[in-house]
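Notes follow once the structure below has been shown.
Labels below follow one simple rule: chain letters A, B, ... track the order of the sequence lines, proteins then strands, and each chain is numbered from 1. In this text, all values refer to a predicted model and were calculated from it rather than measured experimentally.
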2 protein chains.
Amino acid sequence: MLVKWFFFEKKMNFDITILGCGSALPVKHRNPTSQIVSIANSNYMIDCGEGTQLAVRNNHIKLQNLKAIFISHLHGDHYLGLMGLISSLSLLGRTKPLSIFSPKGLEEIILLQLKLSGSYLQFDLTFTEVGFEGLHNIYEDKKVEVFSFPLKHRIPCSGYKFVEKPKEPNIIKSKINFYKIPLKEIKFIKRGADFIDQEGKLIPNENLVIPPRKSRSYAFCSDTIYNETIIPWIHEVDLLYHESTFLEELKFRAIKTMHSTAIDAANIAKLAKVKKLVLGHYSARYIELDEFIEEAQPIFKNVHVANDNEVYNIL
Amino acid sequence: MLVKWFFFEKKMNFDITILGCGSALPVKHRNPTSQIVSIANSNYMIDCGEGTQLAVRNNHIKLQNLKAIFISHLHGDHYLGLMGLISSLSLLGRTKPLSIFSPKGLEEIILLQLKLSGSYLQFDLTFTEVGFEGLHNIYEDKKVEVFSFPLKHRIPCSGYKFVEKPKEPNIIKSKINFYKIPLKEIKFIKRGADFIDQEGKLIPNENLVIPPRKSRSYAFCSDTIYNETIIPWIHEVDLLYHESTFLEELKFRAIKTMHSTAIDAANIAKLAKVKKLVLGHYSARYIELDEFIEEAQPIFKNVHVANDNEVYNIL
């Protein structure tokens, strides 16, 4: 049994699938923003630009495992695929409730579209507004806690941080044999109980277990101007996706449109001491992405450029 | 000069490009409904399902020549690409006004989305509600008249008919030489004037011209249940696009969802004496389309199945 449990913990996936890493103007082979965060086979969507439902299908994402959707802001390239996705989920027979988190206004748009299309969904749709100041725990299930935090963009915009739920400690296999611990006791020990052996001797919990692996974490920051306020909220995450709409030559345009450059993203990653940085949300003017790496890597070494249909595993 | 004019008339295109002929659920290689009607290099869009702006780009359609958009109804697979298209037109620098025709409600959706995205368009957008009873002339420019007519669907839904503007008659070349008609008189003769020759003799207009080619026409009918009411409105059009969401085996489902079968479409084409029928708006369950032809052709011989990215020329 232990071997199986150990194997099970090892197998828990924490992946980010890039469904789209483009920006406002459509580009061939680069969809507008959408991602699937998959944790232990539960799926969570961040943003849902036009065409996302097709990208979901092309990436063989299982929509029945979709637990919640987190929309960063109400620019079209981040949410215009949502109404179509919701309709399709209903047509495909979804009955499980679906929670949607976003800055204010999305509920009004979706309910108006549902009303005018005469549609009745087969499942409950709940909307929660985000966008308060600071870091807020907005969603929680058995596998993950999700936090929202404000980004600085032309309209209210939210970043999201996904943190794996703390795991139970692992029991030390040799102690089971040594103290003859019955299987039924193991779950209590994993939750912190001490053990009394056959001779009535108390074995303290800390002698029986090894601490669990640190919870993995992922932060999504798009769209935003360079903003050091977010650093404590994304501190030491395993993976940071940070927008870099422009290269440095267009820094003035980044400031004007409240976007970031590759160097901005790298500086944030460095200051926040994250483990890995993935860039995305490139302006349509950029076809090749090598220069994004060239500009960011001198500041933050472990930087990657997102491409559609890539999967980033957090190990 | 005459040769040039004749050549010019021959060159006037009247094409329909199928950007999407799918229905509510997304299918690989089949977009939701959208078409471009191109008349003498002016473009008119019918419906604008999700992903249309990418299909426009893939088909090398010139958006700067887009004169007006006609939306049949407010089911998502017919309009969810519109907001993205409008945003892109503005980002790409459009300043020419754009007219949008649709059943009631679309203006409210688009204006709400524009407001919440904090967007200001670079061009004037005007909305006109359609959906009155009978055939109505709703749009007109130098090249075309467009008519709306009500279809029968679960929500208000409009068909559209495009009729080429009547052409001027063609002057008979041999008469120019025979009567020594000066070039400057030709435009008046083409508009119906008689001619007085050098000897003062009146030559009646009908002796100088041959009637112009009959105006070409196209009708779009999607989505609709079988409905003979539309027959006079689409009578003898050169090309009819009629939805056939289902094959006959699912006739009960067509009735329930207020759609048509291939046989329904063929019967309408036959009764309306159209020249050519194109089927489309297939349910996602159909991959191969041969059976649509097999069912429709015994009733109406000149039937075709639409596929995405096809162009139908009306000659």
Side-chain angles (χ1 to χ4, degrees), chain A residues 22-32 48-58 73-92 102-120 153-157 257-258 283-284, chain B residues 22-32 48-58 73-92 102-120 153-157 257-258 283-284:
Chain A
S23 57
L25 277 175
V27 186
K28 217 171 174 175
H29 309 307
R30 202 182 288 158
N31 292 319
C48 187
E50 185 174 354
T52 293
Q53 54 176 328
L54 207 58
V56 163
R57 188 167 281 213
N58 292 343
H73 65 301
L74 298 186
H75 281 155
D77 54 322
H78 293 257
Y79 84 92
L80 284 178
L82 185 61
M83 185 63 228
L85 183 82
I86 289 169
S87 296
S88 294
L89 287 173
S90 188
L91 284 170
L92 291 166
S102 78
K104 187 175 181 176
L106 188 59
E107 180 173 14
E108 190 181 355
I109 292 172
I110 298 295
L111 294 188
L112 176 63
Q113 290 183 315
L114 283 171
K115 184 186 85 177
L116 287 167
S117 68
S119 300
Y120 298 96
H153 195 43
R154 305 194 301 275
I155 58 173
C157 185
T257 58
M258 301 191 79
S283 159
Chain B
S23 57
L25 277 175
V27 186
K28 216 172 174 175
H29 310 306
R30 201 183 288 158
N31 292 320
C48 187
E50 185 175 352
T52 291
Q53 54 175 330
L54 207 58
V56 163
R57 188 167 279 215
N58 292 343
H73 65 302
L74 298 186
H75 281 153
D77 53 323
H78 294 258
Y79 86 92
L80 284 178
L82 186 60
M83 185 63 228
L85 182 81
I86 289 169
S87 296
S88 293
L89 287 173
S90 188
L91 285 171
L92 291 167
S102 77
K104 189 175 180 175
L106 187 58
E107 181 173 12
E108 190 181 355
I109 292 172
I110 298 295
L111 294 188
L112 175 63
Q113 290 183 314
L114 282 172
K115 184 186 84 177
L116 287 168
S117 68
S119 300
Y120 298 95
H153 195 45
R154 304 194 301 275
I155 58 173
C157 185
T257 58
M258 300 191 79
S283 159

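Looking at Ser90(A), neither its backbone nor its side chain comes within 4.5 Å of chain B, counting heavy atoms on both sides. Contacts between Asn58(A) and chain B at a heavy-atom distance below 4.5 Å involve the side chain alone, from C-beta outward.
Under the rule for a side-chain contact (heavy atoms from CB on, under 4.5 Å), the partners of Thr257(B) that lie at least two apart in sequence or sit in another chain are Arg154(B), Phe246(B), Arg253(B), His259(B). Residues forming a side-chain contact (heavy atoms from CB on, under 4.5 Å) with Leu80(B) (at least two apart in sequence, or on another chain): Met83(A), Gln113(A), Glu50(B).
Highest contact tally toward chain B, considering only Ser88(A), Ala24(A), Pro32(A), is held by Ser88(A) [criterion: heavy-atom pairs under 4.5 Å]. Comparing Gly51(A), Pro156(A), Gly76(A), Pro103(A) by how many heavy-atom pairs each has under 4.5 Å with chain B, the most go to Gly51(A).
Taking CD1 of Ile110(B) as the reference point, atom CD1 of Ile109(A) lies at 10.0 Å (rounded to 0.5 Å). Interatomic distance, Ile155(B) CD1 to Leu116(A) CG, rounded to the nearest 0.5 Å: 8.0 Å.
Scanning all heavy atoms of the two residues, the minimum distance from Pro26(B) to Arg57(A) falls at O-NH1, 2.9 Å. Closest of all the heavy-atom pairs between Leu54(A) and Val27(B) is CD1-O, 4.1 Å.
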